[in-house]
2 protein chains.
Amino acid sequence: MSLTEKVDKRAHILSVAEELFAENGFDGTSVRDIAQLANVNLAMISYYFGSKEKLLEALIEDRAGYTLGILEELSKNQTLTPWQKIDHFVDFYVEKILNNFRFHCIMSQQYNATRSPEIKELLINIKMRNLDQIKQVIAEGQKKKVFRKVDVELTMASVFGTMNHITNSKALYCRLMKIDDTDDASYRKKISPRLKTHLKQMLRAHLDIKNEE
Amino acid sequence: MSLTEKVDKRAHILSVAEELFAENGFDGTSVRDIAQLANVNLAMISYYFGSKEKLLEALIEDRAGYTLGILEELSKNQTLTPWQKIDHFVDFYVEKILNNFRFHCIMSQQYNATRSPEIKELLINIKMRNLDQIKQVIAEGQKKKVFRKVDVELTMASVFGTMNHITNSKALYCRLMKIDDTDDASYRKKISPRLKTHLKQMLRAHLDIKNEE
DNA sequence: TTAAATTAAACAAACGTTTAAATAACTTTT
DNA sequence: AAAAGTTATTTAAACGTTTGTTTAATTTAA
């Protein structure tokens, strides 16, 4: 038994479930798959979580918690200019998504496919709160006359969408960039600086008041 | 029996499968679900397609075919300026994705989750070919000194990513825009002009050689 | 009359979940 | 500190469904 298994069996099951859900989807993963890879008895999943669906809920609640705090802090920060906040936001989010790409695969997967109203509500609330924080940053920039008028929701859709697209289309971009498709780490390492640069550059042009029409 | 059912049973099954796969995912849809909603006998699916997986392959091949031709034509068009091509491309793609949102839900779903190498290869090839066409448009604009130097792959990721995000996060944007969540048609009608305007505006700023750093 | 299309029934395998018995880890009592 | 009692954890086996697919008989069309 490895260290992580000993420390907290519940957390270990969550981590294995995350891996399998991201790889094969929620419906494509059986509780037996999870139990086997986690080296625990099948019944332990019901014992700890109640059901497969509640296991997914537990996973989402566990992983989605910590983001909001950092965004709130960034949004309220008085010493940074709006441009600096945008850059920090991009850096933070790219790191976050690339480091938690498994979870983000599950999120975008579940967004449309879930038949659980609880999970749907959970996901919408998480996104709404994150969106609100960034809205404030853009609004501040517009008030200070450094950002032009833009469609805030769709601007955010472009930022989130770019990142989702990169994590979800790994196979495609690995082929384009001639990276080994099976090596997650080197993909993240190669794509991370490119992604940060691209998003900052695009947002700089897109938000700049000089490009007001 | 409705008209579509009589005309071509195979096509009718494909259409019902598309609807259910988009709604509940591939693994979340049983062949019995499809047979029931399509009003055909269960065995007809094996009879026409061989298996559930081959039904998905048939669906992808059927739906993905027609896009490439239009893009090739646009890319090779001699009378349009690069800026006009970008605008046409945005208009075409937004219409296409919103009108075939069910299929695009399946595409982005399958991108990561599929365990079938055939389907994975199919999806990568489709995207690669589409990407190549747009690469040529951007390259032409750069050669003519109207576009600045950008990360072409990631610029495309932003365009595709924005559209995917909008189709996949329907529930969120319906809430933001206070549209009835269950009414697909009015969502598409409301989001379509906004999406076109936003993408054109963003690309105009992003690609403009005046914003060269 | 021959081939194609359609049917109801059955197949084994896999699914999520539950059971009841066994073991381990603590508490309390002696 | 040992024994007894109590709760928490773990187990193998079984539950009833649902899964994708196939069969063999029947109807329809050419």
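Letters A, B, ... mirror the listed sequences (proteins, then strands); counts begin at 1.
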Treating primed atoms plus P, OP1 and OP2 as sugar-phosphate and everything else as base, which nucleotides of nucleotides 11-27 of chain D get B, S or - for protein heavy atoms under 4.0 Å? BB-B----BBBBB----

Round to a whole Å and report the spacing from CZ of A:Phe49 to P of D:dT10.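 Value for this atom pair: 12 Å.
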
With each end axis built from five pairs of C1' atoms, what bend angle do you get for the helix from C:dT1-D:dA30 to C:dT30-D:dA1? Round to 10°.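 The end-segment axes of the helix from C:dT1-D:dA30 to C:dT30-D:dA1 are tilted 10° relative to each other.
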
According to side chain to side chain donor-acceptor pair (under 3.5 Å), who are the partners of [X], at least two apart in sequence or on a separate chain?
{"X": "B:Lys127", "answer": "A:His165"}
{"X": "B:Glu121", "answer": "A:Arg175"}
{"X": "B:Asp91", "answer": "B:Lys200"}
{"X": "A:Arg204", "answer": "A:Asp87"}

So B:Tyr48, base contact, sugar-phosphate only, or nothing? Heavy-atom distance under 4.0 Å. sugar-phosphate

Inter- and intrachain pairs under ring-ring contact (aromatic ring centres under 6.0 Å, His included), touching residues 179-206 of chain A, at least two apart: A:His198-B:His206, A:His206-B:His198

Would you tell me whether B:Thr162 and B:Asn164 have side-chain atoms, one donor and one acceptor, within less than 3.5 Å of each other? no

Side-chain donor-acceptor distances from residues 45-53 of chain A under 3.5 Å, at least two apart:
unit_1: A:Ser51; atom_1: OG; unit_2: A:Lys54; atom_2: N; d: 3.2
unit_1: A:Lys52; atom_1: NZ; unit_2: A:Phe26; atom_2: O; d: 2.9
unit_1: A:Lys52; atom_1: NZ; unit_2: A:Thr29; atom_2: O; d: 2.7

Going by the side-chain hydrogen bond (donor to acceptor under 3.5 Å, both in side chains) test, which pairs reach into residues 16-25 of chain B, not counting sequence neighbours?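 Qualifying pairs: B:Glu18-B:Arg63.
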
